[in-house]
Amino acid sequence: MLYLDNASTTRVNPEVLTTYQSLLAKYFANADSIYDLGVEVHNLQEKSRNMLAKLLKVNSSELTFCSCASEANNLAIKGYAFANQHHGKHLICSAIEHSSVIEVFKQLEAHFGFSLTILPVNHQGVVEVETLRKAMRKDTILVAIMYVNNEVGSIQPINELAKVVHQEHYCAFLVDCVQALGKIDLDLTNVDLASFSAHKVNGLKGSGLLYHRLNKRLMPLVIGGQQESGLRAGTSNYVLNIVLAKTFRLALEKQQANQSRIHELKTYLYNELSSMPEISLNSDLNGSDYICSFSVLTSGSEIMMNALSKRGVYVSAKSTCSTSKKSYSPVLEAMGKDSKSLNGVLRVSFTYDTTLLEVQEFIKTLKEIIYAYSTN
Ligand code: PLP
């Protein structure tokens, strides 16, 4: 089996799994219970929060454990919009945001009286700073632009964009960091809200994190108990939260250790694909080293994915969260791709332990399939 769909999800790191299993057996008590068993769990969860804060260079009180990045994005967007609508009702997001961001903005526009500007991107899938500057208004309260795009890997100029956002006093900046953590060096200095997911970095599914600057007030979406400082009611999944610190620590360590090796893999893949006349590249070498999108001009995505899958090779086309929709990728459409490119898109994505041999095997299989279809 050749699994090259790591932007969709990753295998669990064996170290994370072992820790999870041993903690799960031992720590079953409710962390809100005041007896020793509960206090012990509570303390471990707070230790994890402190460690995550250190890794992300933020304060621990600014971190909220969530069930996934989709939840973190929903809480950030609706929570901020509802709590700050008296300052204005204009929202901005880029055209290439993950569905857990852009669909939330669209819902706020359709049902809650907000107005929305969706920013175009250039041919490389990057939001230009001038484009954002022109879209900003006196009543803009929230801007969302992701760090690294999940379909093509384009990296956004977060610090330059943040300067424009913060020219409006009440405007907050949400950055979806799901495909950035453990892949590029993160800088949250100028970010107000940020979302993370464990399963994209060899952690467990059902585990995510929201960073929110304390001076940016959020309205909780799930209310009841006082868990997570009142921002997210409900008995927490402590063991997942405890193991998240280890997941992020390992992801950051693996990023450092494999940086140049993964860059060589992407360069190799990119050069091989560039030399094939049937292929048009959608990603460029300035983007994330972990994601490479390209289009097979002679075939459709589904046909190619099925043919690859029959040979035990797993890649995807557009974002896995929107594969059920029979439509072209909005990300590639926003980048101005023609219908041939939109039709035949494939995405290969690496994780820290992807090898050159695997990439060579992928290229060999891809060439065989393209050749077989062209001679049939
Ligand atoms: N944001 C981006 C950029 C993603 O790629 C994904 C997952 O595909 C998400 C958010 C949602 O993550 P989760 O599966 O943790 O909800």
Side-chain angles (χ1 to χ4, degrees), residues 3-12 16 52 63-78 93-107 119 121 125-127 144-156 158 173-184 186 188 191 193-211 221-222 232 237 240-241 243-244 247-248 251 282-283 287-293 314-325 329-332 334-335 345 347-351:
Y3 183 78
L4 291 173
D5 194 19
N6 293 285
S8 175
T9 196
T10 53
R11 283 189 193 91
V12 179
V16 170
L52 286 161
L63 295 177
T64 302
F65 290 112
C66 294
S67 65
C68 57
S70 296
E71 186 195 334
N73 282 330
N74 270 264
L75 177 54
I77 300 166
K78 288 184 201 160
C93 72
S94 84
I96 60 166
E97 293 305 303
H98 185 262
S99 50
S100 63
V101 169
I102 201 161
E103 292 303 323
V104 183
F105 276 107
K106 286 181 181 170
Q107 189 190 44
L119 297 179
V121 292
V126 174
V127 176
I145 299 173
M146 69 204 317
Y147 226 126
V148 173
N149 177 262
N150 50 309
E151 292 193 30
V152 294
S154 53
I155 301 172
Q156 309 303 320
I158 293 304
F173 191 26
L174 163 64
V175 179
D176 176 331
C177 296
V178 169
Q179 302 286 350
L181 181 88
K183 313 288 165 61
I184 64 167
L186 276 188
L188 297 180
V191 171
L193 301 150
S195 52
F196 302 89
S197 178
H199 76 98
K200 307 285 184 178
V201 287
N202 309 94
L204 291 147
K205 289 162 185 65
S207 174
L209 191 70
L210 172 67
Y211 160 70
L221 303 183
V222 179
R232 183 181 187 261
N237 194 334
L240 275 186
N241 298 345
V243 94
L244 189 63
T247 305
F248 279 22
N282 303 317
S283 297
S288 163
D289 287 332
Y290 289 78
I291 295 177
C292 185
S293 168
Y314 302 103
V315 298
S316 62
K318 50 187 183 171
S319 165
T320 315
C321 292
S322 49
T323 38
S324 56
K325 289 185 198 162
S329 150
V331 173
L332 293 176
M335 288 167 67
V345 60
R347 176 187 69 181
V348 167
S349 46
F350 304 150
T351 185

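Just so you know, these numbers come straight off a predicted model, no measurement behind them. Remember, it's 1-based here, ligands and their atoms both numbered in the order they're listed.
Checked by atom type, the side-chain pair S154/N149 shows no donor-acceptor distance below 3.5 Å.
Ligand 1 lies out of reach of E97, whose nearest heavy atom is not under 4.0 Å from it. Every heavy atom of K205 sits 4.0 Å or more from the atoms of ligand 1. Heavy atoms of G208 stay at 4.0 angstrom or farther from ligand 1.
Judged by distance alone, the side chain of S349 and the main-chain N or O of Y290 form no donor-acceptor pair under 3.5 Å. Listed for the K200 side chain is a donor-acceptor partner under 3.5 Å among the backbone atoms of S8. Put simply, the side chain of E151 never gets that close to the backbone of S293: no donor and acceptor are under 3.5 Å apart.
Numbered from 1 in the order shown, with element, the atoms of ligand 1 that lie under 4.0 Å from a heavy atom of M146 read 3 (C). Of all atoms in ligand 1, numbered sequentially from 1 with element shown, those under 4.0 Å from a heavy atom of K200 are 5 (O), 6 (C), 7 (C), 8 (O). Residue contact check: H199 has heavy atoms under 4.0 Å from atoms 13 (P), 14 (O), 15 (O) of ligand 1.
Proximity annotation for atom 15 (O) of ligand 1: of S195, A72, S197, S197 comes nearest, heavy atoms only.
Summarising the geometry of Q179 relative to A7, their closest heavy-atom pair is NE2-O, 3.0 Å, with the distance given to 0.1 Å.
Contacts between E71 and ligand 1, counted as non-hydrogen atom pairs separated by less than 4.0 Å, are absent for every part of the residue.
Polar contact with ligand 1: absent for C68 (N/O pair, distance under 3.5 Å). Taking any N or O of S100, backbone or side chain, none lies under 3.5 Å from an N or O belonging to ligand 1. Some N or O of H98 is nearer than 3.5 Å to an N or O of ligand 1, by distance alone.
The shortest distance between side-chain heavy atoms of L204 and H199 does not fall below 4.5 Å. Considering only heavy atoms from C-beta on, F196 comes within 4.5 Å of L186 through its side chain.
Between V152 and the options I291, L332, V126, a side-chain contact (heavy atoms from CB on, under 4.5 Å) holds for only L332.
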